Amino acid sequence: MTSTRKLWAGLAVLLIASFAVLLWVGSEIHRQAPPMPERVVGPTGEVVFTRQDIQTGRQVWQSIGGQQLGSIWGHGGYVAPDWSADWLHREAEALLDGWARREDGVDSYRKLGPDTQAAYRARVQALLRPNTYDEATGTIRLDADRVAAIATVATHYQSLFGADPATAGLREAYAMRNDTVPDAEHRRQLTAFYWWTAWAAVTQRPGSDITYTANWPADDLVGNRPTSGAFLWTVFSVLFLIAGIALLGWHYAVNHGEEMAPTLPRTDPLAAIRLTPSMKATAKYFWVVIALFLTQILLGAITAHYQVEGQQAYGFALADVLPYSLTRTWHTQLAVLWIATAWLGMGLYIAPAISGHEPRFQRLGVNLLWTCLIVIVVGAFAGQWLAVMQKLGLQHNFWFGHQGWEYVDLGRFWQWFLFIGLVLWLTLVGRALWPAIRNGGESRSIVVLLFLSTVAIGLFYAAGLMWSEHTSLSMVEYWRWWVVHLWVEGFFEVFAVAVMSFLFTRLGLLQVRTATTAVLFATIVFMAGGVLGTLHHLYFAGTPTAVIALGASFSALEVVPLAYVGFEAYHSYKMGKATPWMQRYRWPIMFFIAVAFWNLVGAGLFGFLINPPLSLYYMQGLNLTPTHGHTALFGVYGMLGIGLMLFCLRGLKPDVQWNENVLRTSFWAFNIGLAGMALFTLLPLGILQLKAALEHGYWYARSAEFMQQPIVDLLVWMRVPSDTIFSVGAVSLAWFVLRLWVAPRRVAVPRGLPTQA
């Protein structure tokens with residue numbers, strides 16, 4: 001008991017200190033974010049852009065899909081270019097070509113001698129990097145040459161986002177539909193926003209030689225090179241990783257094996273659980289999980305195919321009705337939605353099972369929440385289609401259309417609706433758990449941790465409501481990663497660990513005291529790196545340099561608990577064979593083992609590959625990012641969601657014989673397909689892009705010139721076998737769930753004794 005109290009105290013101190021630092025960083029980001037000028041003027045005072053132009057341009061960008069169509073500051077899609085890097089390089093080349101025409105009589109600076117080219121490049125850097133923003137008047141002053149270069153690039157972008165035949169080939173390469181922005185004035189304002197993001201990427205902070213984005217993107221032409229801090233903190237992050245894993249290994253070696261082996265029950269203890277009406281009502285959540293999952297896979301196939309055909313699917317002009325930015329939006333959102341729905345359903349199922357208490361109107365609440373989820377999905381997706389097709393109007397887009405932020409694209413109205421739904425979920429789970437917390441018992445600490453993680457899941461989504469339509473990009477990114485990293489990868493993880501620990505104790509496979517200590521220790525280790533590790537997403541998002549130091553140090557520690565999970569994987573496998581009745585839970589446990597594997601490979605190995613500052617400086621927004629994203633999001637959270645769902649289905653249909661062959665097919669198809677996606681397409685393509693970024697600059701690694709090479713098309717086509725295998729796994733899982741309700745084969749189930757649980 002004393003040990004448990006110390007762990008609780010340690011966890012409380014850790015969370016208070018971590019969030020205090022995270023909030024302090026947020027205040028510094030707000031204070032030091034790139035300024036939004038009132039006007040951008042030329043040498044004679046003529047207005048180039050106004051604040052309204054830039055802000056309206058951002059609204060236009062969000063309405064067409066935002067980060068789902070190319071990227072800004074490296075965050076977003078991978079087929080179209082990073083618009084910040086693309087604009088910056090084009091503006092620099094327009095300056096060079098303009099000087100070459102005026103001063104040397106040639107149409108391109110590339111035709112000049114090496115010495116002249118070098119002199120011109122130095123001149124470009126001397127022009128672009130100094131900060132000419134006047135805080136007192138809110139004015140950025142530009143010279144005539146730069147104003148002319150901006151006009152040249154703006155003309156190209158206005159052609160690209162319209163229907164000009166001159167840029168039709170580029171639109172196809174970028175998977176953009178014709179007339180992406182049909183209104184000419186909106187296209188002009190869009191160029192103002194893209195210019196501002198590029199300005200922040202090349203303009204030095206006041207009193208510093210580092211740009212607002214810490215010299216990102218890499219481009220020698222404009223003098224953007226890694227900072228000394230990126231080198232320094234990359235080295236320290238590796239040292240922190242080694243030290244953390246060493247300490248964890250020492251702790252595991254000292255403490256593992258001291259616990260007494262539990263006396264295993266003769267029969268299945270969970271078979272004694274009485275299904276309540278609300279527990280039975282959770283079945284529809286898992287039907288929705290399957291429907292959303294299958295839809296996500298279909299949209300993923302369409303999105304991947306756009307990379308090779310651009311605007312069509314086998315000759316059909318699909319982009320006219322379902323453009324790339326929309327299929328990618330729905331694909332990424334459905335990934336979060338079906339996984340979250342599986343976990344929400346699990347929470348609603350397990351709470352009455354833990355306490356043995358069915359609160360009044362609990363079933364009504366479960367059904368109401370399910371209805372809300374359906375309304376949110378249908379309503380939000382309809383609004384996003386109207387937005388991307390430019391049928392909604394900018395005045396309604398923020399609230400009902402497409403916010404443009406990857407993973408949190410929902411219109412603000414739908415975000416509020418979802419938040420209210422999560423509060424309802426928190427209320428339903430909390431009031432069902434409360435009797436178990438109040439009554440105490442050996443499992444109280446695990447149940448309390450489960451309840452607290454439920455509270456965090458319900459309330460921390462509010463971070464997605466912390467920005468407005470015109471909040472600075474740096475602050476939006478700060479709060480967005482609270483949702484994507486802290487909410488999904490943080491508190492959902494604690495919830496899952498607590499649920500699994502409780503299940504294993506109820507199955508009699510772990511002693512309660514051992515499980516309590518293990519789950520609290522794992523939570524402390526995870527949160528030690530997880531909270532401040534959020535900052536590794538913000539290295540180059542217009543944030544102060546302290547973000548690099550803190551993010552690098554603590555994100556390295558995120559890998560440490562993944563190694564801890566790996567230590568436990570084999571132990572879980574042995575538990576799955578501990579007694580004959582455990583065969584009933586073989587496949588849920590196998591999915592948990594897969595979670596441990598992909599935690600180590602996808603989240604750990606591929607995550608640490610891109611997370612150190614120097615690595616991410618070159619890799620952010622390249623295909624090494626989705627290598628980590630796919631193997632971590634599905635490999636860890638998707639597999640975990642399926643495993644938890646299968647545990648619930650075993651309880652919902654205890655007398656139905658499971659088709660082991662179908663589940664075996666599903667399990668191995670998922671793992672083989674996911675590995676194939678990563679190893680045959682995403683990883684090699686990402687490595688080729690990294691080589692291109694190192695040799696030519698980030699802009700080139702994301703350019704049509706690079707992405708339209710035959711080797712890239714070949715690598716994309718090589719996804720087909722792996723994607724097909726993965727899809728077989730999804731269809732098999734859907735068939736398995738369907739057969740639990742349609743023509744099931746029933747068997748007698750020996751009931752466990754409640755006293756043995």
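Owing to the predicted nature of the structure, the values given are computational and were not obtained by experimental measurement.
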Worksheet entry | Test ring-ring contact (aromatic ring centres under 6.0 Å, His included) applied to W99 and Y109, step by step | CA-CA 8 Å; W99 293 335; Y109 90 101; 9.6 Å; no

Check for me whether the distance between the ring centres of [X] and [Y] falls short of 6.0 Å.
| X | Y | value |
| --- | --- | --- |
| F193 | W83 | no |
| Y698 | W216 | yes |
| W199 | Y212 | yes |
| W399 | F413 | no |
| W287 | W338 | no |
| W717 | H305 | yes |
| F540 | Y617 | yes |

Evaluate the side-chain proximity of [Y] to [X]: yes if any heavy-atom separation is below 4.5 Å, no if none is.
| X | Y | result |
| --- | --- | --- |
| T665 | F670 | no |
| Q384 | L410 | yes |
| V79 | R328 | no |
| V181 | Y157 | no |
| I302 | Y306 | yes |
| V289 | I642 | no |
| T303 | Y324 | yes |
| R719 | L682 | yes |

Hey, what's the ring geometry for [X] with [Y], parallel, tilted or perpendicular (30° and 60° as the breaks)?
| X | Y | value |
| --- | --- | --- |
| W343 | Y637 | tilted |
| F293 | F726 | perpendicular |
| F49 | W195 | tilted |

Which atom pair, heavy atoms only, marks the closest approach of [X] to [Y]?
| X | Y | answer |
| --- | --- | --- |
| N224 | L88 | ND2-CD2, 4.0 Å |
| D179 | A163 | OD1-N, 3.6 Å |
| S666 | L733 | OG-CB, 3.6 Å |
| T329 | S325 | OG1-O, 2.5 Å |
| L622 | A693 | CD1-CB, 4.4 Å |
| T681 | M718 | OG1-C, 3.7 Å |

Practice prompt. Assess R51 against W196: is NZ or CZ under 6.0 Å from the centre of the six-membered ring, and within 45 degrees of the ring's axis?
Written response: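 That pair does not qualify as a cation-pi contact.
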
Item to complete: Take H75 and W481 through the side chain to side chain contact (heavy atoms under 4.5 Å, CB included) test and state the conclusion after the steps.
Response: CA-CA 11 Å; H75 293 303; W481 287 108; 3.9 Å; yes

May I ask you to say whether [X] pairs ionically with [Y], meaning some side-chain N is under 4.0 Å from a carboxylate O?
| X | Y | result |
| --- | --- | --- |
| E172 | R177 | no |
| R58 | E469 | no |
| R225 | D220 | yes |
| D183 | R187 | no |
| R101 | D97 | no |
| R188 | E185 | yes |

Discussion item. Test salt bridge (Lys or Arg N to Asp or Glu O under 4.0 Å) on R90 and E93; report intermediate values, then the result.
Written reply: CA-CA 5 Å; R90 288 179 183 275; E93 289 199 324; over 6 Å; no

Donor on one side chain, acceptor on other, [X] and [Y], under 3.5 Å:
| X | Y | result |
| --- | --- | --- |
| T543 | S474 | no |
| S71 | Q67 | no |
| T471 | S468 | yes |
| W467 | Q403 | yes |
| S63 | N397 | no |
| T211 | T203 | no |
| D409 | W330 | no |

Discussion item. Run Y618 and I610 through side chain to side chain contact (heavy atoms under 4.5 Å, CB included) and show every step you take.
Written reply: CA-CA 9 Å; Y618 291 103; I610 66 173; over 6 Å; no

Discussion item. Is there a side chain to side chain contact (heavy atoms under 4.5 Å, CB included) between H537 and H485? Walk through the geometry before answering.
Written reply: CA-CA 9 Å; H537 299 284; H485 179 96; 3.3 Å; yes

Is there a donor-acceptor pair under 3.5 Å between the side chain of [X] and the backbone N or O of [Y]?
| X | Y | result |
| --- | --- | --- |
| Q158 | A184 | no |
| Q689 | A701 | yes |
| W73 | T197 | yes |

Item to complete: Could you walk me through whether W414 and F400 pass ring-ring contact (aromatic ring centres under 6.0 Å, His included), step by step?
Response: CA-CA 7 Å; W414 303 109; F400 301 101; 7.2 Å; no

Item to complete: Would you mind telling me which of I140, D53, V147 makes a side-chain contact (heavy atoms from CB on, under 4.5 Å) with V48?
Response: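 One option only clears the test, and that one is V147.
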
Discussion item. Taking side-chain contact (heavy atoms from CB on, under 4.5 Å) as the criterion, tell me which of H470, H186, Q395 meets it with Q59.
Written reply: H470

Worksheet item: Going through the checks in order, is the ring-ring contact (aromatic ring centres under 6.0 Å, His included) test met by W405 and W61?
Response: CA-CA 10 Å; W405 307 109; W61 168 73; 5.4 Å; yes

Discussion item. Apply side chain to side chain contact (heavy atoms under 4.5 Å, CB included) to residues L609 and H628 and explain how you reach the verdict.
Written reply: CA-CA 9 Å; L609 172 67; H628 162 61; over 6 Å; no

